[in-house]
K.L.:
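Structure in structure tokens, see below.
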Amino acid sequence: QVQLVESGGGLVQAGASLRLSCAASGRTGDVLYLGWFRQAPGKEREFVAVIRLSGGRSYYTDSVEGRFTISRDNANNTLYLQMNSLKPEDTALYYCAAANSIMFTTTMTNTRSYAYWGQGTQVTVSS
């Protein structure tokens with residue numbers, strides 16, 4: 001089992017920045033990818049970004065490309081999401097997720113590819 005705990009959410013104005021953190025514990029040696037998803041009220045959970053722990057290659061959804069940066073501290077088993085130039089449409093509950101199997105670009109955006117999930121941290125961006 002892998003436990004994930006997110007932090008860093010909050011209420012900010014449009015244009016501001018936030019950095020989310022996700023602390024991983026448990027069988028972290030089994031984790032191959034760590035990612036961020038988000039879910040706005042009344043909408044499905046959607047992919048935001050993912051990073052492969054070996055090599056550090058990352059992928060983003062188009063709407064955050066250039067504004068968000070995913071990174072990881074392997075030594076401390078911590079995942080980050082630096083969010084800049086925040087927009088009201090970024091408002092959502094942000095979830096950290098871990099995958100322990102190989103993923104492809106066609107599957108890494110699918111929630112079913114991830115075995116472990118955190119409880120989420122709320123990000124609210126006011127206009």
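Residue numbers start at 1 and run along the sequence shown.
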K.L.:
Calculate, to the nearest 0.5 Å, the distance between atoms OG1 and OH belonging to T109 and Y59 respectively.
P.N.:
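T109 OG1 to Y59 OH: 12.0 Å, rounded to 0.5 Å.
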K.L.:
In this structure, would Y114 and Y60 fall into the same cluster of hydrophobic residues linked by side-chain contacts under 4.5 Å?
P.N.:
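Hydrophobic grouping puts Y114 apart from Y60.
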K.L.:
Compare every heavy atom of L4 with every heavy atom of A24, then report the nearest pair and how far apart it is.
P.N.:
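Shortest heavy-atom contact: CB-CD2, 3.7 Å.
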K.L.:
Following the transitive rule for hydrophobic clusters with a side-chain heavy-atom cut-off under 4.5 Å over Ile, Leu, Val, Met, Phe, Trp and Tyr, establish whether L81 and V50 coincide in one cluster.
P.N.:
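As far as the 4.5 Å side-chain criterion goes, V50 and L81 are not connected within one cluster.
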K.L.:
Which residues satisfy the side-chain contact (heavy atoms from CB on, under 4.5 Å) test with Q1, sequence neighbours excluded?
P.N.:
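Partners of Q1 under the side-chain contact (heavy atoms from CB on, under 4.5 Å) test: Q3, Y116.
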K.L.:
The criterion is side-chain hydrogen bond (donor to acceptor under 3.5 Å, both in side chains); which residues satisfy it with D62, sequence neighbours excluded?
P.N.:
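With neighbours one apart ignored, the set is empty.
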K.L.:
So, using ring pair (Phe, Tyr, Trp, His ring centres under 6.0 Å) as the criterion, who are the partners of F47 when residues are at least two apart?
P.N.:
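So F47 forms a ring pair (Phe, Tyr, Trp, His ring centres under 6.0 Å) with F37.
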K.L.:
Could you tell me if the side chain of C96 sits less than 4.5 Å from the side chain of W117, heavy atoms only?
P.N.:
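No; the side chains remain at least 4.5 Å from each other.
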K.L.:
Write out all pairs satisfying salt bridge (Lys or Arg N to Asp or Glu O under 4.0 Å) with one or both partners inside residues 21-32, taking only residues at least two apart or from two chains.
P.N.:
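Every salt bridge (Lys or Arg N to Asp or Glu O under 4.0 Å) pair that includes a residue of residues 21-32, provided the two are not neighbours, is R27-D30.
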K.L.:
Keeping the roles fixed (side chain from Y95, backbone from Q39), state whether a donor-acceptor pair exists under 3.5 Å.
P.N.:
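A pair under 3.5 Å: no.
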K.L.:
Would the distance check show the side chain of Q119 and the main-chain N or O of E6 forming a donor-acceptor pair, the cut-off being under 3.5 Å?
P.N.:
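Side chain of Q119 to backbone of E6: no pair is present.
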K.L.:
Which heavy atom in S58 sits nearest to a heavy atom in I70, and how many Å separate them?
P.N.:
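Here S58 and I70 meet closest at CB-CG2, 3.6 Å.
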K.L.:
For the atom pair CG (L32) and CD1 (I51), what is the distance rounded to the nearest 0.5 Å?
P.N.:
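Rounded to the nearest 0.5 Å, the CG-CD1 separation comes out at 13.0 Å.
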K.L.:
Enter the distance from M108:CE to I102:CD1 here, rounded to the nearest 0.5 Å.
P.N.:
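Here the interatomic distance stands at 10.0 Å.
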K.L.:
Taking only residues two or more places apart in sequence or in another chain, which ones pass salt bridge (charged side-chain N to carboxylate O under 4.0 Å, His left out) with R67?
P.N.:
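If we apply the salt bridge (charged side-chain N to carboxylate O under 4.0 Å, His left out) test to R67, skipping adjacent residues, the hits are D90.
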K.L.:
For Y80, check side-chain hydrogen bond (donor to acceptor under 3.5 Å, both in side chains) against everything at least two apart and list the hits.
P.N.:
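side-chain hydrogen bond (donor to acceptor under 3.5 Å, both in side chains) list for Y80, sorted by chain: empty.
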K.L.:
Can you measure from OH (Y33) to CG (N100) and round to the nearest 0.5 angstrom?
P.N.:
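The OH atom of Y33 sits 11.0 Å away from the CG atom of N100.
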K.L.:
Working to the nearest 0.5 Å, report the span between CG of N76 and OG1 of T28.
P.N.:
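The CG atom of N76 sits 11.0 Å away from the OG1 atom of T28.
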K.L.:
Does any pair with a residue in residues 43-53 pass salt bridge (Lys or Arg N to Asp or Glu O under 4.0 Å), and if so which ones, sequence neighbours excluded?
P.N.:
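Only R38-E46 qualify under salt bridge (Lys or Arg N to Asp or Glu O under 4.0 Å).
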K.L.:
Give every donor-acceptor pair under 3.5 Å between a side-chain atom in residues 12-22 and any protein atom, sequence neighbours left out.
P.N.:
| residue | atom | partner | partner atom | Å |
| --- | --- | --- | --- | --- |
| S17 | OG | N84 | OD1 | 2.9 |

K.L.:
Just how far is it from atom OH of Y94 to atom CZ of F68, taken to the nearest 0.5 Å?
P.N.:
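Answer rounded to 0.5 Å: 4.5 Å.
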K.L.:
At their closest point, which heavy atom of V48 faces which heavy atom of V64, and how far apart are they?
P.N.:
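Closest approach of V48 to V64, heavy atoms only: O-CG2, 3.8 Å.
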K.L.:
Tell me every residue that passes side-chain hydrogen bond (donor to acceptor under 3.5 Å, both in side chains) with Q122, counting only those two or more places apart in sequence or in another chain.
P.N.:
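So Q122 forms a side-chain hydrogen bond (donor to acceptor under 3.5 Å, both in side chains) with T124.
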K.L.:
Would you mind listing every disulfide (SG to SG under 2.5 Å) that reaches into residues 51-85, with sequence neighbours excluded?
P.N.:
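Every pair satisfying disulfide (SG to SG under 2.5 Å) with a residue in residues 51-85: there are none.
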K.L.:
Could you tell me which residues satisfy side-chain contact (heavy atoms from CB on, under 4.5 Å) with T107, sequence neighbours excluded, listed by chain and number?
P.N.:
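T107 satisfies side-chain contact (heavy atoms from CB on, under 4.5 Å) with M103, F104, S113 once adjacent residues are dropped.
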